[in-house]
S.K.: 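Can you keep this structure in mind? I'll have questions shortly.
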2 protein chains.
Amino acid sequence: MKHSKDAIVTTLKAKGLRITPQRYAVYANLLGRRDHPTVDQILQDLNQELPISSQATVYTSLQALRSVGLVREVLLEEGVCRYDANVEPHHHFRCRDCGAIHDIAWSAFPTLDLVALQPRLQAERYEVTVYGQCGGCQGDPGTIED
Amino acid sequence: MKHSKDAIVTTLKAKGLRITPQRYAVYANLLGRRDHPTVDQILQDLNQELPISSQATVYTSLQALRSVGLVREVLLEEGVCRYDANVEPHHHFRCRDCGAIHDIAWSAFPTLDLVALQPRLQAERYEVTVYGQCGGCQGDPGTIED
DNA sequence: CTTTGTGCAAACGATTTGCAGGATG
DNA sequence: CATCCTGCAAATCGTTTGCACAAAG
């Protein structure tokens with residue numbers, strides 16, 4: 001209920017993006033997941049039943065969505081870029097066993113004071129990255145689900 | 001003074017690594033810099049005067065150093081992996097203009113309480129990433145130094 | 001109809017790997 | 001002298017790009 005088709009279309013239009021089936025599908029897909037997928041994961045999800053988009057188009061759609069601030073990238077592991085439709089400030093948790101990434105609410109930590117950093121560093125924003133073991137990997141053998 | 005040749009050799013040996021000129025050079029180079037270089041930056045630095053190492057060897061040396069915990073990677077931008085010989089807990093600042101990465105002392109922020117995270121997430125460590133503008137880029141036009 | 005997007009395949013850049021010769025302990 | 005490392009080049013993987021055709025507004 002959070003993201004109706006109309007709401008998504010309206011959001012895209014408001015950002016000045018043309019509505020195409022592929023772009024819509026990429027954004028809707030990202031809005032509907034919590035798992036910070038890679039490009040290939042998005043692509044496979046989209047084309048599960050019938051072919052919706054090509055790899056190159058997923059890349060360019062993500063570029064477009066990023067350039068208007070609807071999507072952002074998450075860099076927590078080597079080699080791959082993950083994507084997140086949650087552009088509100090928040091923190092991340094990364095499981096050292098399965099690699100899964102979970103959001104942590106901004107309110108989970110007290111606000112940090114950035115003023116007293118090294119004098120010449122003018123801070124604008126920050127986020128906390130927590131590493132550890134997620135629920136599914138406690139006790140279980142390290143199942144590297146990708 | 002901080003990192004004598006002997007001290008470096010001793011450290012490498014203590015970790016069970018063979019001492020080779022290339023491996024030594026990579027580690028010594030990283031210990032002597034504060035700028036979280038990429039592989040190519042390390043390579044160019046090493047081969048500045050005379051050829052010391054090849055690209056593939058820098059990669060494998062870094063792998064070896066990482067596997068014993070003497071070096072770690074820093075992932076703050078798309079596409080490239082940077083390296084850091086400072087493996088003590090600390091935070092990072094990334095300049096949005098020039099991309100430079102500065103260390104922030106662990107003590108710059110109060111310790112965060114990880115116990116009260118989502119119940120099934122067992123946290124082990126964390127770090128803060130701050131984004132903003134570094135000294136050199138304040139006022140100056142955005143000089144993307146790489 | 002003008003502009004922008006799509007899809008394919010080729011191009012690219014960072015990293016990895018196979019292998020023969022060389023250095024380390 | 002057995003083991004591990006180096007260096008080259010080829011291979012791989014994620015991402016970008018050129019271009020002809022198609023779709024959006």
Side-chain angles (χ1 to χ4, degrees), chain A residues 5 8-29 36-44 46-47 50-68 70-83 99 144 146, chain B residues 5 8-29 36-44 46-47 50-68 70-83 99 144 146:
Chain A
K5 177 163 184 179
I8 296 177
V9 169
T10 304
T11 305
L12 292 173
K13 272 189 184 153
K15 292 291 186 177
L17 294 182
R18 280 194 180 177
I19 314 298
T20 72
Q22 291 77 3
R23 191 172 286 173
Y24 171 88
V26 169
Y27 188 45
N29 185 263
H36 312 77
T38 65
V39 167
D40 271 325
Q41 290 172 336
I42 296 170
L43 185 67
Q44 284 181 27
L46 294 188
N47 294 344
L50 61 160
I52 301 288
S53 180
S54 73
Q55 195 185 52
T57 299
V58 173
Y59 275 105
T60 44
S61 297
L62 286 169
Q63 285 281 76
L65 291 164
R66 276 211 284 175
S67 71
V68 299
L70 288 180
V71 159
R72 77 180 200 191
E73 75 279 26
V74 177
L75 304 172
L76 289 180
E77 64 202 287
E78 261 182 277
V80 256
C81 192
R82 295 179 172 275
Y83 296 90
I144 300 284
D146 199 12
Chain B
K5 177 166 181 178
I8 295 177
V9 169
T10 304
T11 304
L12 292 173
K13 271 189 184 155
K15 292 291 186 176
L17 294 182
R18 279 193 181 179
I19 314 298
T20 71
Q22 291 77 5
R23 193 171 284 174
Y24 171 88
V26 168
Y27 188 45
N29 184 263
H36 311 78
T38 65
V39 166
D40 272 326
Q41 289 172 336
I42 296 171
L43 185 67
Q44 285 181 27
L46 294 188
N47 294 343
L50 60 161
I52 301 288
S53 179
S54 73
Q55 195 185 49
T57 298
V58 173
Y59 274 105
T60 43
S61 298
L62 287 169
Q63 285 279 74
L65 291 164
R66 276 210 285 174
S67 72
V68 299
L70 287 178
V71 159
R72 76 180 201 191
E73 75 279 25
V74 177
L75 305 172
L76 290 180
E77 65 202 288
E78 260 182 279
V80 255
C81 191
R82 295 178 173 275
Y83 296 90
I144 299 283
D146 198 14

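Residue numbering restarts at 1 for every chain, and letters A, B, ... go by the order of the sequence lines.
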S.K.: Kindly give the heavy-atom pair with the smallest separation between A:Ser53 and A:Asn47, and that separation in Å.
M.R.: O-ND2, 2.9 Å
S.K.: Are any of A:Thr20's side-chain N or O atoms less than 4.0 Å away from OP1 or OP2 of C:dT6?
M.R.: yes
S.K.: Nearest whole angstrom, please: distance from the C1' of D:dT6 to the CG of B:Asn47.
M.R.: 13 Å
S.K.: Do A:Val9 and A:Lys13 touch side chain to side chain, with heavy atoms closer than 4.5 Å?
M.R.: yes
S.K.: Starting from the 5' end of DNA chain D, give me the residue, A:Arg18 or A:Ala56, whose nearest nucleotide shows up first.
M.R.: A:Ala56
S.K.: What is the distance from CG of A:Leu43 to P of D:dG14, rounded to the nearest Å?
M.R.: 12 Å
S.K.: How many Å lie between NZ on A:Lys13 and C1' on D:dA24, as a whole number?
M.R.: 11 Å
S.K.: What's the closest nucleotide to the A:Ser53 side chain, out of C:dT15, C:dT24, C:dG7?
M.R.: C:dG7
S.K.: Would you name the heavy atoms of B:His36 and B:Gln41 that are closest together and state the gap between them?
M.R.: O-OE1, 4.4 Å
S.K.: If you take all heavy atoms of A:Leu12 and A:Tyr24, which pair is closest and at what distance?
M.R.: CD1-CA, 4.2 Å
S.K.: Would you mind reporting whether B:Leu17 and B:Tyr27 have side-chain heavy atoms less than 4.5 Å apart?
M.R.: no
S.K.: Grab the CD-P distance between A:Glu77 and D:dC13 for me, whole Å please.
M.R.: 16 Å
S.K.: Please work out which residues in residues 57-67 of chain A have a non-hydrogen atom less than 4.0 Å from an atom of DNA chain D and list them by number.
M.R.: A:Tyr59
S.K.: Nearest nucleotide by nearest heavy atom, which residue falls closer to the 5' end of DNA chain C, A:Ile52 or B:Val39?
M.R.: A:Ile52
S.K.: Of the nucleotides D:dG7, C:dG7, D:dG14, which one has an atom closest to the side chain of A:Gln22?
M.R.: C:dG7
S.K.: Under 4.0 Å from OP1 or OP2 of C:dT6: is there any side-chain N or O of A:Gln55 that close?
M.R.: no
S.K.: Name the nucleic acid region contacted by B:Leu17, choosing base, sugar-phosphate or nothing; use a 4.0 angstrom heavy-atom cut-off, strictly under.
M.R.: nothing
S.K.: Which whole-number value in Å describes the distance from B:Arg23 CZ to C:dG22 P?
M.R.: 19 Å
S.K.: Expressed in angstrom and rounded to an integer, what is the separation of B:Ile19 atom CD1 from D:dC5 atom P?
M.R.: 11 Å
S.K.: Atom CD of A:Glu78 to atom C1' of C:dT15: distance rounded to whole Å?
M.R.: 9 Å
S.K.: Considering all heavy atoms of both residues, which atom of B:Ala25 and which atom of B:Leu46 are nearest to each other, and what is their separation?
M.R.: O-CD2, 3.6 Å
S.K.: For the backbone of B:Glu73 and the side chain of B:Arg66, can you confirm whether one donor and one acceptor N or O come within less than 3.5 Å of each other?
M.R.: no
S.K.: Distance check needed: D:dG14 P versus A:Tyr83 OH, whole Å only.
M.R.: 12 Å
